[in-house]
Every structure is written in C-alpha cells, then in structure tokens.
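First comes the structure, then the notes that go with it.
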Protein chains: 2
Amino acid sequence: MPATPSPNQNHLLAALPSAEFELLAPHLELVALPLGEMLYEPDRQLQHAYFPTTAIISLLHVMESGASAESAGVGNEGVVGVSLFMGGETTTSSAVVQTAGHAYRLDRRWLMQEFNRSGLLQRLLLRYTQALMTQMSQTAACNRHHSVEQQLCRWLLLTQDRVAQRELVITQELIAGMLGVRREGVTEAAGNLQRAGCISYRRGHIAVLDRAGLESRSCECYALVKKELARLLSDVRYRQEATAAGR
Amino acid sequence: MPATPSPNQNHLLAALPSAEFELLAPHLELVALPLGEMLYEPDRQLQHAYFPTTAIISLLHVMESGASAESAGVGNEGVVGVSLFMGGETTTSSAVVQTAGHAYRLDRRWLMQEFNRSGLLQRLLLRYTQALMTQMSQTAACNRHHSVEQQLCRWLLLTQDRVAQRELVITQELIAGMLGVRREGVTEAAGNLQRAGCISYRRGHIAVLDRAGLESRSCECYALVKKELARLLSDVRYRQEATAAGR
DNA sequence: CTGCGTATGTGCGCTGCCGCACATACAGGC
DNA sequence: GCCTGTATGTGCGGCAGCGCACATACGCAG
C-alpha cells in the first residue's frame, strides 16, 4: 500500500509501453472511490473509464423485485466501463464500489482516441474484456449449481486477490447483496468457515487465515476464472515491476 | 425458410455495406449444423467464426459435476466465436448446436484481416459482443432469482425470436440442460404452460400459441435482453431488406 | 402392424434456501 | 463509560427444486 498512488498499480495501465503510456498519463485523473458510490447505472451515459488501483467495483444487476446479483467484479486487474470502447455507451447493469479505494479515470474521448489509434491498447482492452465475459458466464453457471458456502469462498478469494491484504473491509449484508442471497445465509456460511479456521471476522472486517482451506471449500469457478484471467493477460509485459508479479 | 440459403439471413452479415460484404463473401462457407454438434469446447483453438442463418447455438458451461448451464444463445442475430477477435483464441465454455440449421463460417484469418482493416465490421462485431455480455450477465442474475417456469418462458421466447417459426424442434431434456435444471422441472413447467394455452407440445416439438401469455409469465430478463440487442444493433443499416425488419 | 427406443408424466422424501421475527453484541460518538 | 445504530446470531415454517424410481405413451424402423 504505497503512500503515493501510481497508475502502475493497475495492471492494464502498467502493461502499456512507455510511449503509449506517456500519451495517456496527462489525462489520467486520480479519484477516491468511497464505499457504495455508483460509477454508472442502467441507461446513464458513461463519461469515464475507471482503472482501479486499490478500489474494487462490482458490476451488478438489480431486478424489478429489488433483488440484486453481481455478474463480475473489477479490481486492479481491469477497467470499469468496457461499454465505452465496445460501442454500446450504456449497459443494463450498475457499477458500485464494493471496496473503497482509488482509481484513475480517463475521459471517454481520450480513451476512444487511443483505443482507435493504438493497436496495443486495443488488444489489451479487448483481451481483458474477454476475461470479463468469462467471469460473467461462469457466474451464471455458478449461480445455478453451487452452494452459498462455495460461492462465498469463491468471492472471498477473488476479492482478496485484488486487494493483496489479509483483511477485507465489508459487511455480510453487502456480500449477500453481491451473491444475491439472504444475509442470514452469508452469516451461516461465514460461521462455518470461521469454525473451520479459514477466516475470522468481526463487525465489517473479514480476515483470510487459510487460503488453501478456502480454495478446497470453494467451487471450481474460482480457479477457473483466475486461470483464465492470468492466461489472457499473461503475454503482456509490465513496464515497471512495481505492481507486477501479481499475486 | 427460403430454399436458397443466403448470408443475408444473418443480421450481422446483412448489415455490412456492399463493398465490405463483397470482400468477405468469397470466404464465407455454408455449413449444415446438426443438432448436438460442438463448434468448440474449452481450450480448443477455434478455426472459424460461425454466422448462423437458421441454426441456433448455445454457449454453455459444463461443470466438474457434469451439470451444465447456458450463459447465452446465438442465432441469426449474431456470431459464434467472438473470442477470435477479442484476442483470447479459446474460451472456458463450449458452443453446442441447439437447433439444427445452417450457418456461414469464416476462417479466422479472413475474419481477423477484415476486423483489423474495416472499422465498420469491427464496430459491428464489438457492439454485438456487448449484447452478448448483456445476455450473459443477465443470465447470471436470472439464474439466481427467477423460477424455472419464468426461465422457460424467457428461453422459449428468445429461441422463437431466432427461428421465426411457430414450432421449435427440441426435447425437454435438452432444454433442461440449457437451463441447468432437472428434466422433470421442465416437464412440470411446460405442462403448466400448456394447460394455460400458451404452448402445445408433443415429443420433441413445441409450438408457441400465445406469445403475450408467455411474455407475461416470463421474467423481465426476456424483454431486457431483447431490448438491449435491438438498441445495440439498431443503427446498423441493412444492405437488403431480405432478412431485415427483424421480427 | 408391431416392437423398441426414447420422450414425457408422476409421485415420493429430502435439502438448501427463503422470509420473517426476533435476540444479542459490537463500536464509534457524545 | 454509556447509548445508540448497526452488524451479527438464531430459530421457525414454508417451498422450490433435487434425485430417484418408476409408469406411460409416442413414433420411427422393420
């Protein structure tokens, strides 16, 4: 957790060659993202793409009934707002800050200009977008077939991968909203994990004690999504090793 | 169902201006897709993109347990194999022919050449890909919150939109595989729909009798996905009105 | 027409999750 | 150090969907 935030904490930005990065750098704006902030919602025109460094954003769907479900999460491995360069401009989902932190944002016009000009940036963003699709479609299958406890494990692991910290700051209520289940269901599953020594928690804080334990209790979806993300971004070279090496 | 298949039956191909289309046309190969054929599976390098005309393809995930679930379907409104131009080359899902029919296939090299050369084709394919993402993420939420009957209605409506025929040729067993539920669950839901006069079926054939009825029993996901697809491909102009006008 | 393979119908007990209604206990602000 | 809002624990009945075991019936191949 460096005192001075750097765009290089975001894997996509860090993967750009210096020449390309220098063109974008002047237009990158560091913003603080408080918990719960909505970066976009259905039908609202997106103005910026967000490259998270320490923040985590959930892409979630809110149904007519009020129920919600996360289709994917975005941390320092990715970017929020792919619909800008995909051409749709808006989406049917919302993007909500799930873990407070920072992100660099880029005005859509600069993003588009570089996307159309630079084959490398385009290639990078499209490959990331495919990883995002993998996450979404795997979540669809996971929601159908796996238990709350398995999904909680998956969610905790994916989230921890993005913050590189032992302790996550989030309430069970919020997790329930992401997974699309009852808060009580999360309480029960978390209780099991705590008794098993995998995690420990207190009022809004969850510490991961035993990653291997979580992995074995998780469904296959965690490993699959993680592997696919690694594959799709594996051949990119990092400009600096600052935030590279990844976990 | 014209006796002579034409690439224009596929909305994406039909949306290309003549100049662009003429470049691709020599490389489009008409192929018959029998029920159950697997166009690709996890980790297998894709050789062709498929533009369905009368066939429908399911993108589905098969879990370790053997259970499966569809994350999206592709008919004449789209293309199978977006991972080719997204840069991933492979996916974690499979593509299986759900309704036998025809498609035009295009070798990856020609596809990539035109994708990189023509801004219009690129724009078209990327916008379609965003529609596909909408379908995937909506399916994730739908799988979490909606009943088997609601999902069956959604599935029937989406499928019928793609074939423009009253009668679908598919067994309840296969539908169950797509939705990721038990075959008996589909039998029960289909029985309800039949008693309500929305559909009628016999051994592998389902006829839609009352679309409005299905829509009212369906979850919001059907209308949302359909609307978003229409929006994303609305500004494209069709070269010929043959297959345009949409349903 | 007959037979067989396959598609559909139906009934069972079981389980995981829901919706609700609380009880408890933590943590920051005064 | 107390108070209060909020986070977590727990127990209930209910139900949708599961897994299994069959019964039935359609329709094509012979």
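A, B, ... follow the sequence lines: proteins, then strands. Residue 1 opens every chain.
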Nucleotides 10-15 of chain C: which of its N/O atoms have a protein N/O under 3.5 Å away?
none

Considering only nitrogen or oxygen atoms on both sides, find all protein atoms under 3.5 Å from nucleotides 24-27 of chain C and state each distance.
unit_1: dC26(C); atom_1: O2; unit_2: Arg203(A); atom_2: NE; d: 3.2
unit_1: dC26(C); atom_1: O2; unit_2: Arg203(A); atom_2: NH1; d: 2.9
unit_1: dC26(C); atom_1: O2; unit_2: Arg203(A); atom_2: NH2; d: 3.2

Exam field: side chain [X] to backbone [Y], donor-acceptor pair closer than 3.5 Å:
| X | Y | result |
| --- | --- | --- |
| Gln160(B) | Gln165(B) | yes |
| Gln151(B) | Val148(B) | no |
| Gln135(A) | Ala72(A) | no |
| Arg144(B) | Val181(A) | no |
| Ser218(B) | Leu214(B) | no |
| Ser58(B) | Glu70(B) | no |
| Glu220(A) | Glu64(B) | yes |
| Gln150(B) | Ser147(B) | yes |
| Ser65(B) | Ala67(B) | yes |
| Thr53(A) | His102(A) | yes |

- Task: Take the C1' atoms of the five end pairs on each side of the helix from dC1(C)-dG30(D) to dC30(C)-dG1(D), derive the two axes, and give their angle rounded to 10 degrees.
- Result: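 End axes: 30° apart.
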
- Query: What is the nucleic acid contact for Gly204(A), judged by heavy atoms within less than 4.0 Å: base, sugar-phosphate only, or nothing?
  - Reply: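 Result for Gly204(A) = sugar-phosphate.
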
- Message: Can you confirm whether Thr139(A) sits close enough to Met136(B) that some side-chain heavy atom of one is under 4.5 Å from a side-chain heavy atom of the other?
- Response: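 They are not in side-chain contact.
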
Interatomic distance where [atom1] belongs to [X] and [atom2] belongs to [N] [whole Å]:
| X | N | atom1 | atom2 | answer |
| --- | --- | --- | --- | --- |
| Asn192(B) | dT8(C) | CG | P | 16 Å |
| Leu179(A) | dG16(C) | CG | C1' | 15 Å |
| Leu35(B) | dA7(C) | CG | P | 10 Å |
| Leu193(A) | dG9(D) | CG | C1' | 16 Å |
| Gln194(B) | dA7(C) | CD | P | 18 Å |

- Does OP1 or OP2 of dT6(D) have a side-chain N or O of Gln172(A) closer than 4.0 Å? no

- Item | Any Tyr201(A) side-chain nitrogen or oxygen under 4.0 Å from OP1 or OP2 of dG9(D) |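 So the side chain of Tyr201(A) is within the cut-off, an N or O lying under 4.0 Å from OP1 or OP2 of dG9(D).
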
- Query: For residues 141-159 of chain B, which residues have at least one heavy atom under 4.0 Å from DNA chain D?
  - Reply: Ser147(B), Val148(B)

- Message: Going by salt bridge (Lys or Arg N to Asp or Glu O under 4.0 Å), name the residues that satisfy it together with Glu184(B), two or more places apart in sequence or in a different chain.
- Response: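 None.
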
- Task: State which residues pass salt bridge (Lys or Arg N to Asp or Glu O under 4.0 Å) with Arg202(B); sequence neighbours excluded, sorted by chain then number.
- Result: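 Counting only residues at least two positions away or on another chain, Arg202(B) forms a salt bridge (Lys or Arg N to Asp or Glu O under 4.0 Å) with Glu167(B).
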
- Message: Please determine whether the number of non-hydrogen atoms from other residues, nucleotides or ligands lying under 6.0 Å from atom CZ of Arg44(B) exceeds 12.
- Response: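 More than 12 within 6.0 Å, yes.
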
- Mapping His205(A) and Gly180(A) onto DNA chain C by nearest heavy atom, which one lands closer to the 5' end?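 Between the two, 5'-proximity favours Gly180(A).
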
